[in-house]
There are 2 protein chains.
Amino acid sequence: MKERQTRQLLAVYDVVSVARDHPSAEEVYRRVRRRFPRVSLGTVYRNLQKLAAQRRVRVVQLADRAACYDGMVEDHNHFLCERCGAVTDLVRREAAPPDCRTLERAGYVIGAHTLTIYGLCPKCRPRSVGGAGKAAERCRL
Amino acid sequence: MKERQTRQLLAVYDVVSVARDHPSAEEVYRRVRRRFPRVSLGTVYRNLQKLAAQRRVRVVQLADRAACYDGMVEDHNHFLCERCGAVTDLVRREAAPPDCRTLERAGYVIGAHTLTIYGLCPKCRPRSVGGAGKAAERCRL
DNA sequence: CTTTCTGCAAACTCTTTGCACTCGT
DNA sequence: ACGAGTGCAAAGAGTTTGCAGAAAG
């Protein structure tokens with residue numbers, strides 16, 4: 001039950017937290033292997049999952065591509081370049097809504113965007129006190 | 001080169017545009033098969049892709065799960081219940097920033113949220129006039 | 001020493017694709 | 001009749017998992 005500090009876990013964490021380029025699991029594997037040539041991809045996946053569960057790394061799942069990992073654990077958004085595939089961290093300023101103007105001024109061309117909120121729906125919330133009864137399939141936000 | 005209106009394409013579109021529950025490709029397949037028992041999963045995938053390219057359906061890619069399809073093509077956000085997995089469309093009111101209060105009032109428990117913007121980074125934009133030169137790896141937004 | 005973790009390889013899920021045939025146009 | 005689209009089945013990418021042995025505490 002107790003978590004062990006294996007070299008592999010430390011190496012995986014190190015690679016992700018140092019990386020600024022949102023590496024995929026495969027890429028993390030490649031980098032970890034530079035230090036531990038005998039590490040296995042399965043171990044890298046297991047450790048990435050463990051770190052994500054502890055919120056020590058962040059999983060970034062973008063349209064159809066493989067998941068990539070981000071050492072930036074603070075709350076922030078992402079910009080995905082549809083040509084080169086680069087992922088840019090968009091650090092949020094306070095609670096201000098994202099301002100596309102700022103991005104455009106920095107040279108980005110803005111296309112679509114997706115916001116997903118995770119949580120519990122009214123049906124699933126712990127004690128449904130005050131819950132609005134029927135869960136709406138669509139909701140004005 | 002010309003697009004054909006096959007029964008399968010029409011059926012796939014029909015299933016997705018009528019559905020309010022964000023079905024996965026597998027689920028769309030199941031439903032299309034009720035009308036065309038000989039349809040293949042490959043065809044469903046091909047037609048979903050075609051429809052998505054034409055913006056007649058929307059692909060919703062949520063953390064690790066299989067992609068699901070949304071007949072709602074207007075710009076909107078999503079709420080994913082982490083317990084039951086239900087996806088709720090969050091219809092946006094004008095350009096107003098998403099207001100979590102409204103959701104909470106409706107009985108939702110808000111957890112994390114992810115905003116991803118798609119587009120072109122400064123390096124990849126067509127004619128890099130006025131581009132800020134080096135692309136930032138992180139950006140204040 | 002005990003228990004968790006690892007390496008390996010096989011399995012699994014989701015999605016794409018090659019091919020011969022079908023069916024819209 | 002032409003060629004885009006189909007069904008089928010196999011391949012592919014990404015990720016997970018069972019197991020025997022390694023190593024952290």
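Every chain is numbered from 1, with letters handed out A, B, ... down the list of sequences.
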Distance under 6.0 Å and angle within 45° of ring axis: Arg56(B) vs Tyr13(B): yes

Short side-chain N/O contact from Gln8(B) to OP1 or OP2 of dT6(D), under 4.0 Å: yes

Sugar-phosphate only, base, or nothing, as touched by Glu26(A) at under 4.0 Å among non-hydrogen atoms: nothing

Test item: side-chain donor near acceptor, His22(B) and Asp89(B), under 3.5 Å: yes

Protein-nucleotide distance (Gln61(A), atom CD; dC14(C), atom C1'), rounded to Å: 12 Å

Within 6.0 Å of CZ in Arg83(A), more than 12 heavy atoms from elsewhere: yes

Under 4.0 angstrom between Arg7(A) side-chain N/O and dA24(D) OP1 or OP2: yes

Rounded distance in Å - CG (Leu9(B)) to P (dT6(D)): 7 Å

Which atoms of nucleotides 8-10 of chain D (N or O only) lie under 3.5 Å from a protein N or O atom, and what are those distances?
residue	atom	partner	partner atom	Å
dC8(D)	OP1	Arg38(B)	NH2	3.0

Sugar-phosphate, base or nothing in reach of Glu3(A), heavy atoms under 4.0 Å: sugar-phosphate

Between dG18(C) (C1') and Tyr45(B) (OH): distance, integer Å: 18 Å

Minimal non-hydrogen separation, Ala11(B) against Phe36(B), with atom names: CB-CE1, 3.6 Å

NZ/NE/NH1/NH2 to OD/OE distance under 4.0 Å, Arg30(B) and Glu27(B): yes

Positions of residues 47-54 of chain A (non-hydrogen atom under 4.0 Å from DNA chain C), listed by number: Asn47(A), Lys50(A)

Ring-face cation contact, Tyr29(B) with Arg31(B), 6.0 Å cut, 45° max: no

Residue-phosphate contact under 4.0 Å: Thr6(A) side-chain N/O, dT6(C) OP1/OP2: yes

Presence of Ser24(A) side-chain N/O under 4.0 Å of dG14(D) phosphate oxygens OP1/OP2: no

His76(B) and Asp70(B): side chain donor to acceptor below 3.5 Å: yes

